[in-house]
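Structure record follows, encoded as structure tokens.
These numbers come from the heavy atoms of this one structure, side chains and all, not from hydrogens, waters or symmetry mates. In what follows, chains are A, B, ... by sequence order, proteins preceding strands, each numbered from 1.
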Protein chains: 2
Amino acid sequence: MSADAEPAPVSAKPPVTLREVAAVAGVSVATASKALNGQGRMTAETRERIRETARLLGFRPNSLAQSLLRKRSFTVGLLTNDTYGRFSLPLMAGVSDALVDKGVSVFLCNVEDDTRLGQLHVEAMLDKRVDGIIATGKRIDRHLPVDLSNLRVPVVYAFTQPDPGAVGLVSDDAGGARLAVEHFCRLGRRRIAHVSGPASFAVVHARAQAHRDVLEETGLPASEPLLGAWSEAWGHEAVARLFGKAGREGWPDAVFCGNDQIARGVIDALRERGIDVPRDVGVIGFDNWEIVAEATRPPLTSVDMNLAALGREAGLALLSLVGGQPAAPGIRKLPCRLVVRQSCGSPPE
Amino acid sequence: MSADAEPAPVSAKPPVTLREVAAVAGVSVATASKALNGQGRMTAETRERIRETARLLGFRPNSLAQSLLRKRSFTVGLLTNDTYGRFSLPLMAGVSDALVDKGVSVFLCNVEDDTRLGQLHVEAMLDKRVDGIIATGKRIDRHLPVDLSNLRVPVVYAFTQPDPGAVGLVSDDAGGARLAVEHFCRLGRRRIAHVSGPASFAVVHARAQAHRDVLEETGLPASEPLLGAWSEAWGHEAVARLFGKAGREGWPDAVFCGNDQIARGVIDALRERGIDVPRDVGVIGFDNWEIVAEATRPPLTSVDMNLAALGREAGLALLSLVGGQPAAPGIRKLPCRLVVRQSCGSPPE
DNA sequence: GCGGTAAGGGAAAACCTTTTCCCAGCTAAG
DNA sequence: CTTAGCTGGGAAAAGGTTTTCCCTTACCGC
């Protein structure tokens, strides 16, 4: 029983190889390979016999060996600096979703804001012969802290600032803002305020401009956006500014907020002042961060950036680049959608 | 100029191989390999010359070829069903952090709650010859929807229910609860209530038991936990129950909440009733979800599960298993820590 | 019966690196 | 001078698969 005495490592036997399949089936490895890949010529019986043998033995081809030869690893790298963020998660899920059933796996690399770490990850990915790289971040007007411009593999940028001449996918913030403001217009709101984040964010200006545009197109009174922080506290303060002055006449009857946290602050502050949402004032947020939007009282209508779809598109775009299809460089904007809940006056059907 | 006319694929030349380095340095590939890996015997000059050549040419060894030979791919798979969750992110960051400087990359696989998808991912990972797998989820008392019990590679479970006989790492919820309740005791709070999530969660019972234990040890009056949902709304309702009865004497002077959202609801509800936090009632949450804890007024003291550390430990544990070290099977509980802010009465500092 | 052709299958190179031997040359001891 | 031992370096196999040729056999028409 000496065989039994062997200290089984972690677990049993090595994987079954094509050579073994061929031996059992009584053919050469070449024939076995061709049988399993549907290549070459042989009788249907031979092919079927080999296939059956492989199935019986539980043969699975060694991806490493395949990749070495084919020069395709069926692996891509996903680079992000949004460690804890809620933007990268849906995006990653979308990427993974688009790739999994093409047999492509995703290396997740978190580079924080550390150039050295980024370099390290990129080199590791290239060493492992990824077929391509998706770069993603936490805001669309900033570069990742790592240079991806002259790599041997294609790169797609999603929700982060692309290099010039590269393929980039971002959400259409202006379009999203239009959705919100136009929704208010349709509901008959006349004085639509805009409370947003810091002026250093490009999206703040894009959304503010869309807000202005819609007001003008609709013939509503212009209103300057209030810029502050991406926080509940700023929502409170903005309400103090907007609704501080006496005389309801000057008050807005709708507030479009730059994110859901601001919106949450706005709604809480309005309630504290006895102003009813949505009767007196409608509120719409941005990001559709469900856990916030649904906990808000009343539940918050919000603009969703469709990040999972963005991720899917990024995955598909990368795949076609890897396949050799030239993709049109430049930034492609994907539409947002409005998720209507109860904070804007329209009953959710 | 026919060479110029060639449609450059995506980008230039193939990577430089060891063979080329050897040719340029005027040695055999065997010697080149040994020079770069510090193996074999040769004059210092030869070794240095080869190294320099490799550096000059920008040689990077092909991981695929190395892995094929060494039977180590320096990749691991990370399986999760917590797509949008805030638990898996810090955990993943920890895992990645622990592995990156050992040259190990991480395949991120999101399996939702779909057995078929899980199977697909696991097979893809095994085909790609991952060295091991880390399984993680959104709660520690549920299995992933996929069987990892008889794989050819080691598996470590982190923040999810492990298979019997496997290595599992979870947060010490009871310990975390003790931290919170004992902190209240030290601050002189006498009537410490507990508002938690649904009874179907194991952690709810573990934390409730710890709460009871500390009260008993300290000689404080017992109090039954209030079980509900993981939501702000439940926090509001719990306050209505706890503080509804007339006569302040029966009111708690501290509430330990099962998560930060409940705590947020509790604090908001208390404020609406004119009960001051932390003067009249101290509140402590669980999870230390910073974006919520810091937006709460006052900022919320909360128990942090140290998920990044958990992830790091999981990564290291897996690595040692891969290295052949037998790890003690069973569940290891990692300590939580209390992050003190202003909601419990102790000034931060 | 012969030439031609197509079908069925195999040998071997290729992918890139690591590692085990082995060899040639030299030195030092006997 | 012989032998042992060491030094510096190379040849070749190994790892698992794919793919390009090539060879054999059988069949067909004449």
Exercise for the section: Just say parallel, tilted or perpendicular for the rings of A:F107 and B:F107, cut-offs at 30° and 60°. Expected result: parallel

Handout entry: Full working for salt bridge (charged side-chain N to carboxylate O under 4.0 Å, His left out) between A:K71 and A:D131
Key = CA-CA 9 Å; A:K71 304 191 168 315; A:D131 295 332; over 6 Å; no

Practice task
Answer whether the closest heavy-atom distance between the side chains of A:R49 and A:V27 falls below 4.5 Å.
Solution key: yes

Practice task
Spell out protein contact along nucleotides 9-18 of chain C as letters: B when the base is contacted, S when just the sugar-phosphate is, - when no protein heavy atom is under 4.0 Å; keep the 5' to 3' order.
Solution key: BBBB-BBBBB

Handout entry: Crowding at CZ, B:R19 (>12 non-hydrogen neighbours, <6.0 Å)
Key = no

Problem - Integer-rounded Å distance: D:dG16 P and B:D127 CG - result: 14 Å

Handout entry: d(CG, B:L36; P, D:dG9) in whole Å
Key = 14 Å

Practice task
Rounded to the nearest angstrom, tell me the gap between atom CD in A:Q39 and atom P in D:dT20.
Solution key: 9 Å

Handout entry: Test item: A:L319 and A:L99 side chains (from C-beta on) under 4.5 Å apart, heavy atoms
Key = yes

